[in-house]
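Heads up: the structure comes next, in structure tokens.
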Amino acid sequence: MPLKDRIAEALATVIDPAAAADMPGAEAANILASGRVSGLVVRPDGGVGLVLAVDGLERSTAERLQAEVEVAVNRVAGPKAARIILTADRGSVAADAKPQASTIPGIRKLIAVASGKGGVGKSTVSANLAVALARQGFAVGLLDADIYGPSVPTLLGIEGRAQLEGNRLQPAQVHGIKALSMGMMTDPGKAIIWRGPMASSALVQMVEQCDWGVLDVLVIDMPPGTGDVQLTLAQKLKPDGAIVVSTPQDLALIDARRAVAMFGEVGVEVLGLIENMSGYCCPECGHVSHPFGQGGAEAEAAAIGAPFLGRIPLDIGIRSDSDSGQPGRGVAAHAFLPIALRVAREIGL
Ligand SMILES: Nc1ncnc2c1ncn2[C@@H]1O[C@H](COP(=O)(O)OP(=O)(O)OP(=O)(O)O)[C@@H](O)[C@H]1O
């Protein structure tokens, strides 16, 4: 039987959650019969694409359904073959979220991605989260506000400086998102010597002068730490929510707690903690080890009453894709999808 037919057969085993709710006990309709699946294609490289309509479903139900579909497709077509595009009447899915406008014209929502200390993967998380949100159909911008070590140009493979048109800075357009970085303002390798209030004012001005167009969400890769610059930036930009990234070891978690407290001080809701570099799977033998400990961020989140958004494994592919400017592939694509869906729901996208 052709692969496409076998995939259709597998999809026919997935029950439509709405039909199941309507007909408890009866033989509920599957997602093919109920018309949720369209545009099923098998690409020459073996990848499988389809559109899944999730109208009328709660976000959590839609996420579960997406995961079920992914498993069904991958079972037939091989691991990581599925590429699922969700469509929804946004009103129905986001009905439970509270709408709120950002303070920057044209930008609906702002998310700050922060960490208590440097090097925990905050920029990697920001870039992959931005790409994952864009793949859900949102118009996404990424601001690299990390004045101390702007890494977004490397992570996204951006070369050259930001251009000015009139008095408006033009963001780079890469991987389906718009991006602007301090690293696009200076010569590579040149230190930026702004300090304190000057740094935060310059950053705010940079966001406001950028020609973002209309964005559903702007992801802000904050400078690492919890000093004055970070505090002022949070106060001035008033993000709709903040995500704190930490590795699992105790020292990083102490700093993550400080970052959560900082957002509390300025009244910014913490959407949750992400544990990065969590567990390493040896590509040779498949053994999973935990060089930075295990489960620390989840326990910390529970202790401080913040949601836990998920964990990203320590993965050689993530490291090499970051260095070569290719976010959103392989392990990263899978790990960031549920986090992006949850974040979108939390901020009411
Ligand atoms: N999950 C991961 N698996 C493997 N490597 C990772 C992972 N996350 C981040 N890295 C690597 O760790 C290094 C630091 O990541 P990144 O620049 O994102 O950290 P950061 O917290 O933004 O650092 P800083 O705050 O100092 O700018 C990079 O080389 C990146 O490729």
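Whatever order the structure lists ligands and atoms in, that order sets their numbers, starting from 1.
- Counting non-hydrogen atoms of neighbouring residues, nucleotides and ligands closer than 6.0 angstrom, the CD atom of Gln163 reaches no more than 12 such neighbours.
- Just one residue in the list Ile220, Asp240, Val343 forms a side chain to side chain contact (heavy atoms under 4.5 Å, CB included) with Ile111, and that residue is Val343.
- For the side chain to side chain contact (heavy atoms under 4.5 Å, CB included) test with Leu218, the passing option among Leu237, Val140, Leu143, Ile177 is Leu143; the others fail.
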Measure from every N or O atom of ligand 1 to the protein's N or O atoms and keep only the pairs below 3.5 Å, writing each with atom names and distance to 0.1 Å.
residue, atom, partner, partner atom, Å
ligand 1, 1 (N), Asn276, OD1, 2.9
ligand 1, 1 (N), Pro313, O, 2.8
ligand 1, 3 (N), Asp315, N, 3.0
ligand 1, 3 (N), Asp315, O, 3.4
ligand 1, 8 (N), Asn276, ND2, 2.9
ligand 1, 18 (O), Ser123, N, 3.3
ligand 1, 18 (O), Thr124, N, 2.8
ligand 1, 18 (O), Thr124, OG1, 2.5
ligand 1, 19 (O), Gly121, N, 3.0
ligand 1, 21 (O), Gly119, N, 3.3
ligand 1, 21 (O), Val120, N, 3.1
ligand 1, 21 (O), Gly121, N, 2.9
ligand 1, 21 (O), Lys122, N, 2.9
ligand 1, 22 (O), Lys122, N, 3.4
ligand 1, 22 (O), Ser123, N, 2.8
ligand 1, 22 (O), Ser123, OG, 2.8
ligand 1, 23 (O), Gly119, N, 3.0
ligand 1, 26 (O), Gly119, N, 3.2
ligand 1, 27 (O), Asp146, OD2, 2.8

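- Residues Thr247 and Gln249 have side chains that bring a donor and an acceptor to within less than 3.5 angstrom of each other.
- Two different hydrophobic clusters hold Met185 and Leu155 under the rule that ILVMFWY side chains link at heavy-atom gaps under 4.5 Å.
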Please report, to 0.1 Å, the donor-acceptor pairs under 3.5 Å made by any side chain of residues 1-15, with sequence neighbours excluded.
residue, atom, partner, partner atom, Å
Lys4, NZ, Leu40, O, 3.2
Arg6, NE, Met1, O, 3.3
Thr13, OG1, Ala10, O, 2.5

